[in-house]
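Step one of this worksheet: look at the structure below.
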There are 2 protein chains.
Amino acid sequence: MTVPPGRRERKKAATRQKIADTALRLFLEHGYEAVGIRDVAAEADVAVTTVFSHFAAKEALVFEQDADFEQRLTQAVTGRAPDEPLIPALRHEIQALVRHCTGDGAAPIWRMIDESPALREYEGAMRLRHAESLATAIAADLGLPPATTACRTIAMFVIDAFSLAREAADPEAAVDEIFSMIEAAWEVTRAEASGARGSSGR
Amino acid sequence: MTVPPGRRERKKAATRQKIADTALRLFLEHGYEAVGIRDVAAEADVAVTTVFSHFAAKEALVFEQDADFEQRLTQAVTGRAPDEPLIPALRHEIQALVRHCTGDGAAPIWRMIDESPALREYEGAMRLRHAESLATAIAADLGLPPATTACRTIAMFVIDAFSLAREAADPEAAVDEIFSMIEAAWEVTRAEASGARGSSGR
DNA sequence: ACCGTAGCACTAACCGTTAGTTCTTCGAAA
DNA sequence: TTTCGAAGAACTAACGGTTAGTGCTACGGT
């Protein structure tokens with residue numbers, strides 16, 4: 001499964017990576033808005049249409065790891081130890097993600113994102129997607145209908161926690177602070193569920 | 001202040017309104033993406049550049065009342081009765097806003113928004129702006145530094161409440177449910193604040 | 001060795017958006 | 001009232017992201 005899956009797919013992946021690397025380098029060198037798609041394509045030695053066959057939009061070149069992020073969150077829910085409660089598992093994962101994003105390597109990228117309106121807008125849309133899929137994972141894990149308000153609410157709060165902590169002066173402390181708030185919010189839904197149906201959350 | 005503020009400004013406002021009305025009508029008739037800025041300009045009998053002198057982007061034609069929304073939220077904080085607690089005041093305002101958005105008149109517009117990726121993206125960016133200014137208002141009201149994590153967190157949660165409730169099967173019940181969670185989250189920050197400094201929230 | 005297809009290049013355009021400039025019209029000072 | 005400054009709006013022309021439409025090429029299975 002992890003062994004050579006054919007030359008074709010390797011070449012495709014290599015092209016994609018080359019485009020992403022080239023784009024990020026140019027963006028950091030000259031600024032996001034100053035670099036055009038045509039510049040990226042020329043520097044990576046591919047056609048403009050090839051860029052768009054690998055990435056849905058210019059902004060997606062920056063948020064290349066979008067899918068990873070989403071999957072790590074849902075994995076934190078569905079793949080946690082059987083006796084581990086939901087919220088702490090999410091807190092732990094968000095803590096790790098925040099640490100990664102505020103590290104020396106990723107910091108210049110996020111500074112660029114914060115400075116570009118187009119990138120901030122794109123991030124806002126991503127947040128909604130991530131919250132959606134996290135809500136689905138949570139609802140499935142709890143055996144609830146997928147559109148339950150409480151699940152969608154907690155999911156959004158968790159996504160908020162990432163964005164807020166990332167920008168805070170002390171990111172790790174912020175994660176803890178926000179998650180203590182989320183924990184309290186979650187307790188309320190458990191109380192209401194047990195009051196209404198005699199069952200409880202985890 | 002409410003008397004005729006000059007013919008010039010009335011004409012300008014009329015032009016703006018005509019553009020917004022024309023755009024919304026065309027969007028609802030033919031679909032958001034099927035209608036171009038040039039179509040809107042032609043139908044409203046103005047130049048394309050005039051459209052952009054009144055609205056920053058195509059999406060802004062749909063979210064015309066953006067500024068109203070933001071101001072109502074901050075007003076709910078800064079203009080509430082002296083003895084009214086913060087969270088219930090916000091709950092009341094969000095309740096009113098949700099009721100307005102799910103009414104018969106506004107429903108088709110929000111359906112259009114939900115179906116268009118571009119509009120959802122724009123809304124995501126708006127949410128961040130609204131959360132920012134709400135956080136500033138809350139922090140000012142409580143006499144805290146403007147970037148306090150707890151304030152920014154509560155502000156985001158409140159904005160989330162609007163989006164979540166708007167899409168829920170029973171919007172009004174959803175507002176109550178989510179705000180009971182927010183209330184609990186807020187209690188936590190009061191406890192931590194009084195534990196650390198002997199002071200308390202409202 | 002052979003063929004189907006996936007990946008990529010190229011052209012040409014569409015659409016949102018902006019800069020630069022000119023024309024018109026309103027508001028207020030003289 | 002006359003005049004002048006300024007603001008709104010028009011027009012042109014372009015830039016940058018994005019998308020068909022169309023072949024060509026090289027890989028992978030038969």
Side-chain angles (χ1 to χ4, degrees), chain A residues 3-20 22-24 26-27 30-64 112-113 116-123 125, chain B residues 3-24 26-27 30-64 112-113 116-123 125-126:
Chain A
V3 282
R7 188 173 308 161
R8 202 169 214 150
E9 307 180 25
R10 267 184 293 127
K11 279 204 173 181
K12 179 170 181 177
T15 301
R16 181 194 158 92
Q17 199 57 43
K18 183 175 182 182
I19 294 172
T22 304
L24 202 54
L26 290 180
F27 290 159
H30 308 105
Y32 176 75
E33 350 238 32
V35 177
I37 287 286
R38 291 165 176 88
D39 301 328
V40 174
E43 183 84 7
D45 198 30
V46 296
V48 171
T49 48
T50 301
V51 174
F52 282 106
S53 76
H54 285 281
F55 300 92
K58 185 190 182 187
E59 294 89 30
L61 287 165
V62 174
F63 294 102
E64 193 216 346
M112 178 179 78
I113 292 169
S116 160
L119 289 174
R120 288 190 72 90
E121 184 165 330
Y122 192 83
E123 193 204 355
Chain B
V3 283
R7 189 173 306 161
R8 201 167 216 154
E9 306 181 26
R10 266 184 293 127
K11 280 204 174 184
K12 178 170 183 176
T15 301
R16 180 195 158 92
Q17 199 58 41
K18 184 176 184 182
I19 294 171
D21 292 347
T22 303
L24 202 53
L26 291 181
F27 290 160
H30 307 106
Y32 176 74
E33 351 239 30
V35 178
I37 288 286
R38 291 164 175 87
D39 301 326
V40 174
E43 183 83 7
D45 197 30
V46 297
V48 171
T49 45
T50 302
V51 174
F52 282 107
S53 77
H54 285 279
F55 300 92
K58 186 191 182 187
E59 295 89 30
L61 288 165
V62 175
F63 294 101
E64 192 216 347
M112 177 179 79
I113 292 168
S116 160
L119 289 174
R120 287 189 73 91
E121 184 165 330
Y122 192 82
E123 194 204 354
M126 260 181 29

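Bear in mind that the values here come from a model prediction, so they are computed numbers and not experimental data. We use all heavy atoms of the structure for the numbers below, so side chains are in, but hydrogens, waters and symmetry mates are not. Per chain, numbering begins at 1; letters A, B, ... match sequence-line order.
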Spacing of [X] atom [atom1] relative to [N] atom [atom2], expressed in whole Å:
X: A:R10; N: C:dC8; atom1: CZ; atom2: C1'; value: 18 Å
X: A:I19; N: C:dG7; atom1: CD1; atom2: C1'; value: 11 Å
X: B:E33; N: C:dC15; atom1: CD; atom2: P; value: 12 Å
X: A:R38; N: D:dG17; atom1: CZ; atom2: C1'; value: 7 Å
X: B:I37; N: D:dT18; atom1: CD1; atom2: P; value: 17 Å
X: A:Y32; N: D:dG17; atom1: OH; atom2: C1'; value: 9 Å
X: B:K18; N: D:dG8; atom1: NZ; atom2: C1'; value: 15 Å
X: B:D39; N: C:dC15; atom1: CG; atom2: P; value: 8 Å

Residue set satisfying side-chain contact (heavy atoms from CB on, under 4.5 Å) with B:A118, at least two apart, ordered chain then number -> B:Y32, B:E59, B:S116
Review point. According to the side-chain hydrogen bond (donor to acceptor under 3.5 Å, both in side chains) rule, which pairs have a member within residues 12-24 of chain B, sequence neighbours left out?
Key: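 As it turns out, the side-chain hydrogen bond (donor to acceptor under 3.5 Å, both in side chains) pairs with a partner in residues 12-24 of chain B, which skip direct neighbours, are B:Q17-B:D21.
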The complete set of side-chain hydrogen bond (donor to acceptor under 3.5 Å, both in side chains) pairs with one or both residues in residues 37-49 of chain A, sequence neighbours excluded, reads A:R25-A:E43
Within residues 53-64 of chain A, those residues having any heavy atom closer than 4.0 Å to DNA chain D are A:A57, A:K58
Please list residues of residues 43-52 of chain A whose heavy atoms come under 4.0 Å from any atom in DNA chain C, ordered by number; otherwise none.
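DNA chain C contact set from residues 43-52 of chain A: A:D45, A:V46, A:A47, A:T49, A:T50.
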- prompt: Which pair of non-hydrogen atoms, one from B:L26 and one from B:V40, has the smallest distance, and what is that distance?
  reply: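 Looking at all heavy atoms of both residues, the shortest contact is CD1-CA, 4.0 Å.
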Practice problem: Would you mind classifying the nucleic acid contact of B:V40 as base, sugar-phosphate or nothing, using non-hydrogen atoms under 4.0 angstrom? | Solution: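 The answer is nothing, as B:V40 stays clear of every strand by at least 4.0 Å.
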Output for pair (A:I19 CD1, A:E64 CD), nearest 0.5 Å, gives 10.5 Å
Residue pairs passing the ring pair (Phe, Tyr, Trp, His ring centres under 6.0 Å) test with at least one member in residues 33-64 of chain B, sequence neighbours excluded, are B:F63-B:Y122
